[in-house]
Peer 1: 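One structure is given below, represented as structure tokens, and several questions about it will come after.
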Amino acid sequence: MADSSFPLLTLTAAVPAVGAIATAAVPAAKRELAKRLALGVSLVTLVLAAVIAVRYDPNGDRFQLTESRSWIADFGVRYELGVDGIAVVLVALTALLIPFVILAGWHDADPTGKQSSRWRPTQGFFALILAVEAMVIVSFLATDIFLFYIFFEAMLIPMYFLIGGFGDKAHEHGEEEAARQRSYAAVKFLLYNLAGGLIMLAAVIGLFVVTNDQLGAGTFSLQEILQARADGDLEISTNTERLLFLGFFFAFAVKAPLWPLHTWLPNAMGESTAPVAVLITAVVDKVGTFAMLRFCLGLFPEASDWATPVVLVLALVSILYGALLAIGQRDIKRLIAYASISHFGFIVLGIFAMTSQGHAGATLYMVNHGISTAALMLVAGFLISRRGSRLIADYGGVQKVAPVLAGTFLIGGLATLSLPGLAPFVSEFLVLVGTFSRYPAIGIIATVGIVLAAIYVLVLYQRTMTGPVAEKVAKLPDLRAREMLVVAPLIALLIGLGVYPKPLTEIVNPAVEHTMSDVQKSDPEPDVNPVEAAHE
């Protein structure tokens, strides 16, 4: 394993981390400087992520641009980073979305009323966003399991303060109740994810003990463990492997979130500002599904195969349950949250279908869901900030007074229901094809989620954007220049990747082959030869 001559991966994670500290240190009176600094840092990070994507060779080694340094030598912990094709596209997604999150939340943390000049909510808000970005990027890059665990858990701290301290001001029961609900959502988010993390910690320690017993020296290095398993030097007993798998999977299922461990998400997204809601579901939650691919399938192939029937059922329940609850929502943001639960069900379905199409589709789904949810949630946030209400019933006829806002909302919604020609369609199609080829019954049932998605998206659009103009909607302004700067690139990406997804598939497919090799699976052969069938 060769080290990179230049620590590009470290630099990519360090820039937002240092930027967070610098943003937090900006004097209280210079709020605009803090915003511009945070935006500049996020753009530099985006450039570095683009450099990673350019330098990555899809046909090269599995892990590239690697960095490895001794850290806690007595416990076998190393500072070890590397990227495969799956990590490349998710780092790019993270770096891409953060500038839009910052622009969309430009005024979300501005102080109001007679507040002390020493109060620094703006600096804190943008510093916390950059801190989350840094921690998520390290999570995607870490090939040392203990290093991954540290940042997997550490990102909970800034997210807790973003949810609890900078919540949505549009609340039907007033500011006092809004503050109580924000606190409840933040604590629930923290407790659920901490519980998952503690169980994972026990599994991480257990894995170290196993490697210490069999290899003579304990290690947390993913690459060393994978190589030892491939060489036959590391053989984990069936029961031990299954217990370790469950410890890892539980933490990732909470983060994902997968039914029935999902209940923190609607509260967290509903009480957050729209940019923070995007940060939760489009960025942070992707760490959970990414880790299923990298760690659950890579480290515990037999246990992953053993758990597949149950996980597929849970994914199927998530798809249908999330979609059904989305249909019944009165709150715009909670509707999008339940829709995301349904979409994460599709991602998990693709991962545990154990086919190359399913894995490629799941990876693309993570990217495309991030873009489509960001577009829909941010436009919804712009709408809510104008009207001051999250309730669907308080809207109507918006397309007549704000046609650009309504149009972008429609495109975001159509992407959410995976309309052909928009990016999510490709990923959802691959997931369903990959699932159907190995588990036809589950693939057929999962398609019901597509129908339900059409219902909740179109009903939402009809009730908010069409019909008579509601009295308090009549004077709503259309999207402003800053808001268009946020939405337009996301819409362009949804259309561009829907028409031409090849730039992503070329990076993802070779990485998927490695994952399929880890679990010792090959794609099912067709039951009927199409050439022979044509002659009959």
Peer 1: Decide if atom CZ of R36 counts as having more than 12 heavy atoms of other residues, nucleotides or ligands within a radius under 6.0 Å.
Peer 2: no
Peer 1: Pairing donors with acceptors under 3.5 angstrom, does anything connect the side chains of Y79 and T10?
Peer 2: yes
Peer 1: Does any N or O in the side chain of T281 come within less than 3.5 Å of the main-chain N or O of V278, such that one atom is a donor and the other an acceptor?
Peer 2: no
Peer 1: Applying salt bridge (Lys or Arg N to Asp or Glu O under 4.0 Å), which residue pairs with at least one partner in residues 481-497 are found, sequence neighbours left out?
Peer 2: R386-E483, R480-E483
Peer 1: Backbone N or O of G197 within a donor-acceptor pair of the Y149 side chain at under 3.5 Å?
Peer 2: yes
Peer 1: Between K255 (side chain) and V287 (backbone), is there a donor-acceptor pair under 3.5 Å?
Peer 2: no
Peer 1: Go through the steps for F189 and W264 under the test ring-ring contact (aromatic ring centres under 6.0 Å, His included), then give the verdict.
Peer 2: CA-CA 5 Å; F189 162 83; W264 62 266; 5.3 Å; yes
Peer 1: May I ask you to check whether H369 and F344 place their ring centres under 6.0 Å from each other?
Peer 2: yes
Peer 1: Any salt bridge between E271 and R390, counting N to O under 4.0 Å?
Peer 2: yes
Peer 1: Quick one: list whatever passes ring pair (Phe, Tyr, Trp, His ring centres under 6.0 Å) with F148, sequence neighbours left out.
Peer 2: F152, F295
Peer 1: With sequence neighbours excluded, what pairs up with F126 under the ring pair (Phe, Tyr, Trp, His ring centres under 6.0 Å) test?
Peer 2: none
Peer 1: Do you know which two heavy atoms are closest between A95 and T45, and how far apart they sit?
Peer 2: CB-O, 4.0 Å
Peer 1: Applying side chain to side chain contact (heavy atoms under 4.5 Å, CB included) to S318 and V348, what does each step give before you reach the verdict?
Peer 2: CA-CA 9 Å; S318 289; V348 176; over 6 Å; no
Peer 1: What do the steps show when you test T263 against Y192 for side-chain hydrogen bond (donor to acceptor under 3.5 Å, both in side chains), and what is the final call?
Peer 2: CA-CA 9 Å; T263 59; Y192 266 68; 2.7 Å; yes
Peer 1: So does F140 get a backbone contact from the side chain of R294, meaning a donor-acceptor N/O pair under 3.5 Å?
Peer 2: yes
Peer 1: Ring centroids only, cut at 6.0 angstrom: are F208 and F220 within range, meaning strictly under it?
Peer 2: yes
Peer 1: Are the side chain of Y56 and the backbone N or O of L65 linked by a donor-acceptor pair below 3.5 Å?
Peer 2: no
Peer 1: Taking all non-hydrogen atoms of both residues into account, name the closest pair between L265 and S340 and its distance.
Peer 2: CD2-CB, 4.4 Å
Peer 1: With distance as the sole criterion, is a donor-acceptor pair present between the side chains of Q123 and T23 under 3.5 Å?
Peer 2: no
Peer 1: Return yes if some donor-acceptor pair links the side-chain N/O of Q64 with the main-chain N/O of D61 below 3.5 Å, else return no.
Peer 2: yes
Peer 1: Do you know the tightest heavy-atom contact between L93 and A282?
Peer 2: CD2-O, 3.7 Å
